[in-house]
Amino acid sequence: MTSPVRLALLGCGTVGSEVVRLLHEQSADLAARIGAPLEIAGIAVRRLGRDRGDLPVDPALFTTDALGLIKRDDVDVVVEVVGGIEPARSWLVEALRAGKSVVTANKALLAEDGASLHDAAAEGGGDLYYEASVAGAIPLLRPLRESLHGDRINRVTGIVNGTTNFILSAMDATGAGFAEALEEATELGYAEADPTADVEGFDAAAKAAILASLAFHTRVGAADVHREGITEVTAADVASAKAMGCTIKLLCIAARGADAAGRETVSVRVHPAMIPLAHPLASVGDAFNAVFVEAEAAGPLMFYGRGAGGAPTASAVLGDVVAVSRNRLAGVRSASESAYADLPVRPMGEALTRYHISLDVADRPGVLAAVAGVFARHDVSIATVRQGPAGGEAAGRGEDADLVIVTHVAPDAALAATVRELRGLDIVRSVASVLRVEGGL
Ligand code: NDP
Ligand code: HSE
């Protein structure tokens with residue numbers, strides 16, 4: 001048998017411990033697939049004394065000296081499942097420059113400074129794989145960076161954060177408010193003790209940057225992504241969506257477009273949006289992830305599965321380990337980063353969206369015309385208007401009315417300015433809900 005491929009595992013928490021378990025349980029199959037056995041050279045952790053249960057691994061392999069482990073001559077592949085920007089960036093740059101291959105699940109680092117990693121990989125000649133960084137177990141990045149390289153991707157729309165999808169699905173199913181649904185997600189172990197990265201959209205924004213970079217052959221970083229979380233989505237918003245035959249999801253949307261001069265651009269955004277129940281993403285419930293890719297020749301493609309969890313994420317990590325190990329044995333490396341298109345990222349104000357706006361207005365002649373005038377002034381076309389008595393049909397004719405307006409597609413800045421002006425009108429008692437609408441209605 002060929003000499004083993006030696007792995008340095010950085011991190012042995014939720015994901016790392018499952019990587020160890022799968023490496024142990026599937027060692028014969030993995031060796032047969034690669035053409036050489038995989039061996040763990042060492043495991044870097046923060047706390048040597050931590051109880052790691054019945055992990056099938058020699059305790060002598062654990063170390064707190066990650067850098068020392070990476071620098072060892074007998075390490076071929078570095079698997080990073082620690083997370084965060086530093087020291088992970090320094091470790092991986094060191095490994096890649098030294099010609100080692102790297103497998104990482106670290107979306108935060110890739111979105112913050114993927115360029116340093118790609119440049120170091122090009123310098124050292126090793127592979128940089130990161131399938132687990134977006135949508136956990138779902139094979140998504142390899143299809144984008146390999147299978148679809150003969151096509152032109154126009155748009156990627158995804159639910160890429162399991163925690164927020166669990167919360168919004170619970171709000172939709174039970175009518176609960178955000179705080180109540182978050183509490184349930186925390187009790188069930190979906191949400192972390194500090195849920196900020198998930199509920200404020202940072203996690204999804206990092207994934208959106210990675211997806212956009214691959215889909216559009218352009219370096220897109222977390223700072224390029226417009227981000228809004230779900231903390232302000234109310235039970236009333238969810239009820240309003242339901243009344244329109246829709247549901248609310250936290251979407252990541254990366255799309256091609258053109259600027260005012262007709263030059264090709266991309267827009268990348270993360271925000272809650274209403275989508276019709278007939279949209280393929282509407283039925284993605286619980287903590288599942290799904291990504292809808294629209295390509296020129298292939299047409300629509302849907303990727304669905306578990307976006308988090310130890311074993312599902314370890315599956316993606318091991319798939320990458322097999323790929324980079326095979327490459328090393330064959331003396332080749334995969335295609336390097338493809339960023340040749342270098343498209344400018346359009347500001348959010350120029351992104352084309354639709355809005356669903358619920359207003360509580362005075363119920364008297366001329367109100368509808370005044371409201372419509374605001375839309376017209378901002379060059380926003382109204383698609384549908386629905387009016388009923390305030391408080392619903394049972395309330396009968398009173399002094400106020402509920403007005404629900406759905407717009408055609410318009411630049412986000414024009415829609416936002418419309419809402420701002422509506423809020424200032426004395427005939428508008430309140431703007432009850434403002435939500436973007438995606439996926440037709
Ligand atoms: P955990 O917090 O469970 O594990 C982190 C591991 O890193 C622990 O073993 C910890 O050591 C070790 N560690 C932390 N700091 C250091 C340090 N300075 N030096 C050496 N070791 C260190 O994280 P997860 O397993 O959940 O996540 C790992 C990565 O995978 C992250 O990038 C995350 O974003 C990504 N990911 C996670 C998913 C999930 O479902 N959990 C899904 C998709 C991606 P110790 O054990 O001693 O504390
Ligand atoms: N916190 C993330 C989620 C884990 O909820 O999807 C996977 O990145």
Side-chain angles (χ1 to χ4, degrees), residues 80 92 96 101-122 126-161 203-227 251-257 264-270 289-305 307 313 316-317 319-320 323-324 327 333-346:
E80 187 265 316
L92 298 192
L96 287 163
S101 297
V102 162
V103 172
T104 177
N106 193 336
K107 61 236 158 187
L109 174 56
L110 284 155
E112 171 78 19
D113 193 12
S116 293
L117 302 188
H118 286 294
D119 290 349
D127 278 325
L128 170 63
Y129 273 50
Y130 43 95
E131 183 65 65
S133 64
V134 182
I138 307 174
L140 173 63
L141 302 195
R142 209 83 65 78
L144 288 179
R145 84 183 210 178
E146 291 176 13
S147 323
L148 286 164
H149 256 204
D151 208 333
R152 175 185 162 90
I153 295 172
N154 289 322
R155 188 179 171 96
V156 179
T157 311
I159 295 170
V160 291
N161 183 269
D203 177 77
K207 293 165 179 169
I210 295 168
L211 288 175
S213 301
L214 291 172
F216 305 127
H217 307 272
T218 290
R219 280 183 174 173
V220 178
D224 298 316
V225 182
H226 173 85
R227 175 195 53 79
L251 296 183
C252 93
I253 300 168
R256 282 185 199 273
E264 190 165 48
T265 59
V266 294
S267 71
V268 194
R269 49 198 165 104
V270 166
N289 283 194
V291 177
F292 189 64
V293 177
E294 294 164 69
E296 197 97 16
L301 300 154
M302 176 90 161
F303 299 83
Y304 172 85
T313 308
V317 169
D320 282 356
V324 303
N327 281 353
R333 74 182 291 243
S334 70
S336 55
E337 179 198 22
S338 173
Y340 71 91
D342 197 19
L343 299 175
V345 180
R346 222 167 43 242

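Bear in mind the structure is a predicted one, so any value in this text is a computation, not a measurement.
When the side-chain hydrogen bond (donor to acceptor under 3.5 Å, both in side chains) test is applied to Glu294, no partner is found at least two apart in sequence or on another chain. With sequence neighbours excluded, no residue forms a side-chain hydrogen bond (donor to acceptor under 3.5 Å, both in side chains) with Glu131. With sequence neighbours excluded, the residues satisfying salt bridge (charged side-chain N to carboxylate O under 4.0 Å, His left out) with Asp113 are Arg89. Contacts of Arg333 classified as side chain to side chain contact (heavy atoms under 4.5 Å, CB included), with partners at least two apart in sequence or in another chain: Ala121, Asp127, Ser336. Judged as a salt bridge (charged side-chain N to carboxylate O under 4.0 Å, His left out), and not counting sequence neighbours, the contacts of Arg269 are Glu438. Contacts of Ala212 classified as side chain to side chain contact (heavy atoms under 4.5 Å, CB included), with partners at least two apart in sequence or in another chain: Phe216, Val220, Ala254, Val268. Not counting sequence neighbours, Phe303 has no partner by the ring-ring contact (aromatic ring centres under 6.0 Å, His included) test. By the side-chain hydrogen bond (donor to acceptor under 3.5 Å, both in side chains) test, Ser101 is found to be paired with Arg328, residues two or more places apart in sequence or in another chain being considered. Take Glu112 and apply the side chain to side chain contact (heavy atoms under 4.5 Å, CB included) test, not counting sequence neighbours, and it matches Ile85. Asp119 pairs by the side chain to side chain contact (heavy atoms under 4.5 Å, CB included) definition with Arg219, not counting sequence neighbours.
To the nearest 0.5 angstrom, Leu211 atom CG is 5.5 Å from Cys252 atom SG. The CG atom of Leu110 sits 9.5 Å away from atom CG of Leu214, with the distance rounded to the nearest 0.5 Å. With rounding to the nearest 0.5 Å, the separation of CD in Glu296 from CG in Leu148 is 12.5 Å. In this structure, OG in Ser267 is found 11.5 Å from CG in Asp224, a value given to the nearest 0.5 Å. The distance from the OH atom of Tyr130 to the OG1 atom of Thr104 is 10.5 Å, given to the nearest 0.5 Å. The distance from the CZ atom of Phe292 to the CD1 atom of Ile159 is 11.5 Å, given to the nearest 0.5 Å.
Listed by first and then second residue, the side-chain hydrogen bond (donor to acceptor under 3.5 Å, both in side chains) pairs involving residues 207-217 are Asp203-Lys207, His217-Ser338 (not counting sequence neighbours).
Considering only heavy atoms from C-beta on, Arg155 comes within 4.5 Å of Ile253 through its side chain.
One finds a salt bridge joining Arg152 and Glu264 here, because a Lys/Arg side-chain nitrogen approaches an Asp/Glu carboxylate oxygen to under 4.0 Å.
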Would you list the atom pairs, donor with acceptor, under 3.5 Å between side chains in residues 135-147 and any protein atom, with sequence neighbours excluded?
residue	atom	partner	partner atom	Å
Arg142	NH2	Asp320	OD1	2.9
Arg145	NH1	Leu128	O	3.3
Arg145	NH2	Leu128	O	3.3

